[in-house]
Amino acid sequence: MKLDVIKNARLYVSISSAVILAGIVAMVLSFQQFGSPLRLGIDFTGGSSITLGLACDSANNCGKNIDIGGVRQAIESKGFTNSVIQSVEGKDLKGVSVRTARLSPEQREDLRVTLTDALKKYGEIDPKKSQIDDVGPAIGQQALNNGLLALAISFAGIGIFLAFRFQSDYASFAIIALFHDIFVTAGLFSILGLTLGIEIDSLFIVAMLTICGFSVNDTVVIYDRIRENVKLDGGATKFNDLVNASVNQTLGRSMNTTLTSTLPLIAIFLFGGATLRFFALALIIGFLSGVYSSIFNACIFLAWWRGRGNNYNDSTPSIEVS
């Protein structure tokens with residue numbers, strides 16, 4: 001059974017519009033509540049950082065591996081929730097780093113004692129390998145600005161590439177599809193921030209940049225097939241039918257690529273630990289949104305645009321929009 005993209009075009013676009021609208025509403029509510037469209041983590045707002053390292057013996061043996069899950073349970077039981085906990089390992093270093101919201105001196109000492117108690121079974125704490133720092137909001141704001149700048153540069157680069165690769169209308173709708181994927185991912189994380197208290201960190205920016213590359217790649221493949229079919233057809237077939245044929249010819253490739261990319265991410269989300277869980281979730285949402293926008297929105301908008309005034313600039317016949 002072949003997929004008829006144009007026949008149900010309004011349904012597909014309506015689904016995207018509803019998801020984006022829900023995300024925009026969540027961003028407005030989030031801005032009113034937190035001062036930003038998404039709930040920002042300590043990477044962007046600043047906070048306190050505590051690193052404790054274990055003492056090593058003469059052979060630089062720093063003890064057995066640390067169970068980060070157990071450490072997390074220990075500090076969360078003391079009320080230090082929404083903390084970023086990572087293992088720290090090097091040639092002669094093994095320990096734990098904890099980043100959390102800004103703490104008072106008394107709270108920092110309480111966290112240090114809790115963390116020390118949690119690490120007792122792994123060895124003694126080495127004061128020379130331990131430190132407590134405060135990350136100011138200015139540094140966090142700079143990290144956020146740099147992340148947004150990286151996204152803007154990636155969009156500009158992709159736009160320039162598409163402008164050279166395709167005609168202007170192809171490139172424009174590919175960029176719109178890209179914005180769709182970014183808004184869907186950001187909107188859903190805004191909803192999660194309001195409902196479940198999920199915060200975004202620097203890995204979220206990395207995920208968004210990855211989504212940009214994945215999404216535009218899928219759109220380019222489908223658009224290439226549309227352009228090839230238009231040239232081969234020579235005006236004998238309606239543009240709608242060419243779009244549908246092109247989508248079906250690349251559908252298997254798109255689905256297989258998304259499936260093989262998403263399955264490892266699901267495994268990371270389920271078993272990869274708290275640090276990578278929401279990074280994987282952002283990629284899962286973005287990849288699924290990317291394949292949806294490439295197959296449906298980008299092709300539908302191109303078909304609708306090429307139907308305006310029955311003028312295509314590529315010798316294709318008139319298009320009938322359902």
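In this chain, residues are counted from 1 in sequence order. Fair warning: this is a prediction, and the values are worked out from it, not measured in the lab.
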Got a sec, which residues hit side-chain hydrogen bond (donor to acceptor under 3.5 Å, both in side chains) with [X], two or more places apart in sequence or on another chain?
X	value
R225	Q249
E124	none
Q33	none
E228	none

Considering non-hydrogen atoms only, spot the tightest contact between [X] and [Y] and give its length.
X	Y	result
L178	V216	CD1-N, 4.4 Å
N240	A303	OD1-CB, 4.3 Å
A186	M208	CB-CE, 4.2 Å
A118	A74	CB-CB, 3.8 Å

Check whether any side-chain heavy atom of [X] sits under 4.5 Å from a side-chain heavy atom of [Y], and report yes or no.
X	Y	result
V13	W304	yes
V96	T51	no
V220	F161	yes
L54	I66	yes
I75	T100	no
L52	V98	no
L265	F279	no
V25	V28	no

Distance, nearest 0.5 Å, that separates [atom1] of [X] from [atom2] of [Y]:
X	Y	atom1	atom2	result
N244	C299	CG	SG	9.0 Å
R99	S48	CZ	OG	12.0 Å
I222	R253	CD1	CZ	8.0 Å
D67	Q73	CG	CD	8.0 Å
L263	I268	CG	CD1	11.5 Å
T258	D218	OG1	CG	5.5 Å

Among pairs that include at least one residue of residues 290-300, which meet side chain to side chain donor-acceptor pair (under 3.5 Å), considering only residues two or more places apart or in two chains?
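Passing the test, one end in residues 290-300: S16-N297, H180-N297, D181-S293, T219-S294.
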With sequence neighbours left out, which residue pairs that include part of residues 182-207 fulfil the side chain to side chain donor-acceptor pair (under 3.5 Å) condition?
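Qualifying pairs: D43-S202.
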State plainly whether the residues D224 and R227 are in salt-bridge range, i.e. N to O under 4.0 Å.
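Answer for the salt bridge query: yes.
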Hydrophobic cluster (4.5 angstrom, side-chain heavy atoms) - remaining members for I160:
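In the cluster with I160 are F164.
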With a cutoff of under 4.5 Å between side-chain heavy atoms, which Ile, Leu, Val, Met, Phe, Trp and Tyr residues group with F31?
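Joined to F31, directly or through intermediates: none.
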Residue list, ring-ring contact (aromatic ring centres under 6.0 Å, His included) with F183, at least two apart or on another chain:
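For F183 there are no ring-ring contact (aromatic ring centres under 6.0 Å, His included) partners, ignoring immediate neighbours.
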Holding to ring-ring contact (aromatic ring centres under 6.0 Å, His included), I want the full list of residues that pass it with F155, two or more places apart in sequence or in another chain.
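With sequence neighbours excluded, F155 shows a ring-ring contact (aromatic ring centres under 6.0 Å, His included) to F179, given in chain and number order.
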Joint cluster assignment, [X] & [Y], ILVMFWY side-chain distance < 4.5 Å:
X	Y	value
I182	V291	yes
V243	L232	no
I300	W305	yes

Walk me through whether D169 and F301 qualify under side-chain contact (heavy atoms from CB on, under 4.5 Å).
CA-CA 9 Å; D169 52 354; F301 291 148; over 6 Å; no
Test your reading of the model: is there a side-chain donor-acceptor pair from [X] to the backbone of [Y], 3.5 Å cut-off?
X	Y	answer
S289	I285	no
S154	L151	yes
N8	L11	no
D110	E106	no

Go through S246 and T250 one step at a time and tell me if the side-chain contact (heavy atoms from CB on, under 4.5 Å) criterion holds.
CA-CA 6 Å; S246 301; T250 57; 5.7 Å; no
Please test L162 against Y223 for side-chain contact (heavy atoms from CB on, under 4.5 Å), starting from the C-alpha separation and ending with a verdict.
CA-CA 11 Å; L162 292 173; Y223 273 2; over 6 Å; no
Looking at residues at least two apart in the chain, or sitting in another chain, which of them share a salt bridge (charged side-chain N to carboxylate O under 4.0 Å, His left out) with K120?
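Per chain and number, K120 pairs via salt bridge (charged side-chain N to carboxylate O under 4.0 Å, His left out) with D117.
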Assess whether side-chain contact (heavy atoms from CB on, under 4.5 Å) is satisfied between S97 and I50, documenting all intermediate values.
CA-CA 6 Å; S97 174; I50 297 180; over 6 Å; no
For residues 192-216, which residue pairs pass the ring pair (Phe, Tyr, Trp, His ring centres under 6.0 Å) check, not counting sequence neighbours?
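Only F189-F204, F214-F287 qualify under ring pair (Phe, Tyr, Trp, His ring centres under 6.0 Å).
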